[in-house]
Amino acid sequence: MKEGSPWVARMPAADSFSVAGLRLTAGLEAAEIGDVFWLRGPAWSEPLRLALRGISGLERFELLPRGRLLAEGTRVPRGRLPELRWLALQRWFPVTLPTVHGLSTAPLPAALRLVRSLEELPAGGLLAELSAWLEFATGAAEIRLHPLRFAAARDGRVWIEGKPLPALPGRRFSIREGVAIPGGFQHSPALSFAAIRRRLGLAEGDVALAAESGEWEIIKAEQFVPVTRSAVRATAEAPGHG
């Protein structure tokens, strides 16, 4: 491939974790469709060739105008790059999240508690077990995965957010302005959700999970991972999750 030319590579999705070590390489993006994992970069280079050459099953292509693909070592383009939803590679693998990632506990500096409610609000989040989540994500159609995001805790729990939620055992929560209340409950006194956010110090994209004990678990925005089969598998295989 030409030095400095845009490029893509593909491999079986089941083996995609083998490129996780490249997550800090500038400009790399990844996508998954069906059972195929795609990787792309803006400029081919010798360091990239050396980094990728030892990855089994990886096919490399120069990316030509109109999405045409020129396989490495060939002279005639063959095939086109499919329409994909690209994400930065560093966001793809949750094993590289901060050590204290997902579901950290924080106190609320107010006498806020949960009380029973007769009003049943739509669920927007689910606290489930990682093993059940892995089984669902590896067998579900991709269209069911795309609207979701998740964050995993070291104790084997996983927070899944989006609509529609998967039909898994677990605790369902309603969510408003990033404040998640378990089904069948409401908070008391009736502080606004904006006030709760301020008191908890939530930033944009953070989520706070209320517990009946009065504790709150905080998930930071950067700890969420978009749902792909590769990301869920990598999380389940990460140290501390298996």
Kindly indicate, with the supporting measurements, whether the criterion side chain to side chain contact (heavy atoms under 4.5 Å, CB included) is fulfilled by Phe193 and Arg176. CA-CA 7 Å; Phe193 289 98; Arg176 286 184 60 183; 3.6 Å; yes
Suppose we screen for side chain to side chain donor-acceptor pair (under 3.5 Å). Which residues come up paired with Arg171, at least two apart in sequence or across chains?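 So Arg171 forms a side chain to side chain donor-acceptor pair (under 3.5 Å) with Glu212.
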Under the side chain to side chain donor-acceptor pair (under 3.5 Å) rule, collect the residues that match up with Ser117, sequence neighbours excluded.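 Ser117: side chain to side chain donor-acceptor pair (under 3.5 Å) contacts with Gln186.
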Any idea which heavy atoms bring [X] and [Y] closest together, and the distance?
X: Phe37; Y: Ala30; value: CZ-CB, 3.5 Å
X: Ile160; Y: Ala128; value: CD1-CB, 4.4 Å
X: Ala51; Y: Leu22; value: CB-CD2, 3.7 Å
X: Phe224; Y: Gly205; value: CE1-O, 3.9 Å
X: Pro12; Y: Gly57; value: CD-O, 3.8 Å
X: Leu134; Y: Thr138; value: O-OG1, 2.9 Å

Please tell me if the side chains of [X] and [Y] come closer than 4.5 Å, counting only heavy atoms from C-beta onward.
X: Leu39; Y: Arg10; value: no
X: Leu126; Y: Leu168; value: yes
X: Glu161; Y: Phe173; value: no
X: Val8; Y: Leu69; value: yes
X: Pro226; Y: Leu148; value: no
X: Arg80; Y: Leu64; value: no
X: Pro6; Y: Glu62; value: no
X: His146; Y: Val227; value: no

Check this for me: does any side-chain nitrogen of one of Arg85 and Glu32 sit under 4.0 Å from a carboxylate oxygen of the other?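 No.
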Whether Glu217 and Arg157 form a salt bridge (side-chain N of Lys/Arg under 4.0 Å from carboxylate O of Asp/Glu) is what I want to check.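 Yes.
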May I ask you to decide if [Y]'s main-chain N or O and [X]'s side chain share a donor-acceptor pair within less than 3.5 Å?
X: Ser192; Y: Ala195; result: yes
X: Gln223; Y: Lys220; result: yes
X: Arg229; Y: Ala140; result: yes

Should Phe61 and Glu72 be marked as a side chain to side chain contact (heavy atoms under 4.5 Å, CB included) after you check the CA-CA gap, both sets of side-chain angles, and the distance that decides it? CA-CA 5 Å; Phe61 304 87; Glu72 188 173 28; over 6 Å; no
Working to the nearest 0.5 angstrom, can you tell me the gap between Leu28 CG and Leu48 CG?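 Leu28 atom CG to Leu48 atom CG measures 6.0 Å (nearest 0.5 Å).
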Atom pair CH2 (Trp133) and OG (Ser131), whose distance is rounded to the nearest 0.5 Å: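 Reported value, rounded in 0.5 Å steps: 12.5 Å.
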Full working for side chain to side chain contact (heavy atoms under 4.5 Å, CB included) between Val232 and Phe136: CA-CA 10 Å; Val232 177; Phe136 171 82; over 6 Å; no
Indicate, with yes or no, if [Y] and [X] share a hydrophobic cluster defined by side-chain heavy-atom contacts under 4.5 Å among Ile, Leu, Val, Met, Phe, Trp and Tyr.
X: Leu81; Y: Leu87; answer: no
X: Ile219; Y: Ile175; answer: yes
X: Trp44; Y: Leu63; answer: no
X: Leu145; Y: Ile33; answer: no
X: Trp38; Y: Val225; answer: no

Test log, rule side chain to side chain contact (heavy atoms under 4.5 Å, CB included), inputs Arg78 and Arg68: CA-CA 7 Å; Arg78 187 172 184 179; Arg68 293 177 299 157; over 6 Å; no
Around atom [atom1] of [X], are there more than 12 heavy atoms of other residues, nucleotides or ligands at under 6.0 Å?
X: Glu177; atom1: CD; result: yes
X: Glu83; atom1: CD; result: no
X: Leu50; atom1: CG; result: yes

Taking the six-membered ring for Trp, are Trp159 and Phe150 ring centroids under 6.0 Å apart?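 Trp159 vs Phe150: aromatic centres not under 6.0 Å.
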Among Val19, Val36, Leu52, whose side chain to side chain contact (heavy atoms under 4.5 Å, CB included) with Met11 holds?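 Per the side chain to side chain contact (heavy atoms under 4.5 Å, CB included) rule, the option paired with Met11 is Val19, out of Val19, Val36, Leu52.
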Could you name each residue pair satisfying salt bridge (Lys or Arg N to Asp or Glu O under 4.0 Å) that touches residues 33-58, not counting sequence neighbours?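 Non-adjacent pairs meeting salt bridge (Lys or Arg N to Asp or Glu O under 4.0 Å): Glu29-Arg40, Glu46-Arg49.
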